[in-house]
2 protein chains.
Amino acid sequence: MPKKLTKQEDSSKVFIGSGSNQLNRPPPILKKLTIKDIASKSGISRSTVSRVLSDNPNVNAETRARVRSVIKAMNYIPNRLAQGLVTGKINVVGLIVGDIRNPYFSEITRAVEEVLNASGYLVVLCDSAYNTEKEVDFLNVTRELRFASIIMTSAMDNEGLISNLSKLSCPVVLLNRYLQGFPTDVVSFDNQYGAYLVAEHVIKLGHRHFKVLMGPAQSSSSIDRERGYRKAFADHGITCAEDAFVYGDLRFETGYQFGLDLLKQKNRPTAVLAGNDFMAIGIIKAYIDNGLKVPDDLSVTGFDDIQMAGMSAVPLTTIRQPQVEMGQQAAQVVLDRLHGNKSLPRRIIFDAELVVRESTRRIRIPREH
Amino acid sequence: MPKKLTKQEDSSKVFIGSGSNQLNRPPPILKKLTIKDIASKSGISRSTVSRVLSDNPNVNAETRARVRSVIKAMNYIPNRLAQGLVTGKINVVGLIVGDIRNPYFSEITRAVEEVLNASGYLVVLCDSAYNTEKEVDFLNVTRELRFASIIMTSAMDNEGLISNLSKLSCPVVLLNRYLQGFPTDVVSFDNQYGAYLVAEHVIKLGHRHFKVLMGPAQSSSSIDRERGYRKAFADHGITCAEDAFVYGDLRFETGYQFGLDLLKQKNRPTAVLAGNDFMAIGIIKAYIDNGLKVPDDLSVTGFDDIQMAGMSAVPLTTIRQPQVEMGQQAAQVVLDRLHGNKSLPRRIIFDAELVVRESTRRIRIPREH
DNA sequence: CTTTGTATTGGTACCGCTCCCATCACGGTC
DNA sequence: GACCGTGATGGGAGCGGTACCAATACAAAG
């Protein structure tokens, strides 16, 4: 029985052979090195060591070299908590995203981290699960730990949130979101125009019977998108049923469930505009699993253009949102503020772009005319 | 022109109307509240306030209530940097992943965060980009900031890494990875058996001409998987060319490029075993983009069973790895250590499971016999 | 009534670092 | 030779908490 033989057999050996059944590895001998130790070993005062640490120019080149070598030799690591305590700031930036499992956010996260790390900042991620309460909790942590700045994406507009944000004494950058009554830097995306574009595309393909599966109703981007959809409908003389707009939570499963629900209806829409690619893929999956075809039986559009959009079962027609650039830009704005720029709040808006793939098609049996 | 009209028009209005062209919002008035302020406002000593803060039971219930209300009323937030300085620890856990854009990792990240947050710990993510140097940098930050613990996934085995890990004085948990010569808690997965399973599956479908697109050669999971593949080949009397094993970096693009390269060859393999689902999807995409079919022209297998695996153009045959459970488990081990458990290093291994979907099929023209 | 224990609170060293304010040697200036 | 600017360094006071040790009060015990 190869299976039995293989299972866990060799890998265990490898591991055990590597010393795992020793006692717990001993705590590192070099107990607690402080700046004082470095000072005495270098025969110099703490002040000067501190200057070396912070690259203060008022240090003799020779002294600096000597201190540096001692630091290296003793493997000294300065305590950033102590540093932060006295300076009142710490080189850490918080990043709040709605759901890290959504590629839209993980792409942004990667971009933000790259830019900020390169400038010596650490990024602390908060996955809010689209939950304002978790966001507020995180803002408190942010205060406790004296973070240098915060980048917020997603999630809802909310009174409590704003009052909590106001208590912050660090720069805040909003990413693809704005908050009524809280003026601050915003890096955003033309959600309204994007929604307009995608709706217009589907309208031009002859569709008249829509459903719109939105994101959370309170979020600023949802509001803008809804405005764009409605404007497109209005501009083309289409009146859509009031129950056409449905609000979801942007997760794949939600789209899937929505697709299943559609299948139970008698009078199905011919097109669904989804609030993000994740939900769009879920809808498509529900149709396919039940033997129907996209776009033949249903045209579906997404929003964001995540990488997966082009690779899924039916490549998605969607609105491209430049995730990497937006993340980089947000990080750049943070750095700018941290470097002391005190100008008025800025607003940087990225353009929407329609990407037509294979999840939409001209309607077969026009319902009207 | 509806387009021109729509673009940026309304959304700007909304924003500007919300007060964005005010001056920068003023810094919060409540300057710097310290424990001292709370003490004097409550007519009590700092010591007692500190006790209230840390839920020390030796405080009169009445006093506690009074202090609490003052804290709330003044909106006081304790300074965790100061706290951390004196206690030498801070409630923060580091998490190193190879690439946050890979759903495999983002799923784990979410799980780890949920468990750890629930116990009051903050998680700091490090996206190493599969780069040992970045990992080492992060370990240093970890020391500077006195993190309570570290969870490491992915990346390479490496001398420098181990020596850096040894300098850490906090618990370290390895997730789906082990390090020769560094005994510590490991939450892992039976990579070898998984590889064996998937190879056997393809062999049983009649394939004899393989390519294996592995992950990074030095990583422990790659090593185990290679062992599993080779054992399956050996058990079935198959000798495969030495150049059958190729090492990649687990990214989608790498799979795509690999697929393109295959297409240029005259003597193509009939099956490719990919080191993760991401690369497998890339390979499939390359074939489809060039008018070929999967699994008709090539059987492809993945590894991990990320959510996307079932939704991509060709649903993937792959090895299921319980990402959420593994993340939760790792977090649990961390908590356990942090709560003072000093037992010998533990090893928790999750079982591999083959998931057969549509990216593999019986070979059409058996090459041998 | 003194002793002893217990519950509660206060006082005071630090934790490890930065910042401000000397101090000091040195060469140039008048 | 006294004065002074400058570069380099040292010393000490915190930053905002915690932790240890006393101190206090009051009740129970002897």
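Note that the structure is predicted; figures quoted are calculated from it, not measured. Quick note on labels: first sequence line is chain A, next is B, and so on, each numbered from 1.
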* Asked: Checking all strands, does B:Leu81 fall into the base, sugar-phosphate, or nothing category for heavy-atom contacts under 4.0 angstrom?
  ->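 Answer is nothing: B:Leu81 stays at 4.0 Å or more from every strand.
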* Would you mind classifying the nucleic acid contact of B:Ser54 as base, sugar-phosphate or nothing, using non-hydrogen atoms under 4.0 angstrom? => nothing
Whole angstrom value for the distance that separates [atom2] of [N] from [atom1] of [X]:
{"X": "B:Gln83", "N": "C:dC15", "atom1": "CD", "atom2": "C1'", "value": "13 Å"}
{"X": "B:Asn58", "N": "C:dG10", "atom1": "CG", "atom2": "C1'", "value": "14 Å"}
{"X": "A:Lys89", "N": "C:dC19", "atom1": "NZ", "atom2": "P", "value": "14 Å"}
{"X": "B:Asn79", "N": "C:dC15", "atom1": "CG", "atom2": "P", "value": "18 Å"}
{"X": "B:Arg46", "N": "C:dA13", "atom1": "CZ", "atom2": "P", "value": "11 Å"}

* Asked: Is the shortest side-chain N to carboxylate O distance from B:Asp99 to A:Arg110 below 4.0 Å?
  -> yes
* B:Val86 vs B:Ser47, nearer the 5' end of DNA chain C by closest nucleotide -> B:Ser47
* Between A:Arg80 and B:Arg64, which is nearer to the 5' end of DNA chain C once each is assigned its nearest nucleotide? -> B:Arg64
* Any A:Thr87 side-chain N or O less than 4.0 Å from OP1/OP2 of C:dT18 -> no
* **Within 6.0 angstrom of B:Lys41 NZ, more than 12 heavy atoms from elsewhere** => no
* Report yes if some heavy atom in the side chain of B:Leu139 is under 4.5 Å from a heavy atom in the side chain of B:Leu168; otherwise report no. => yes
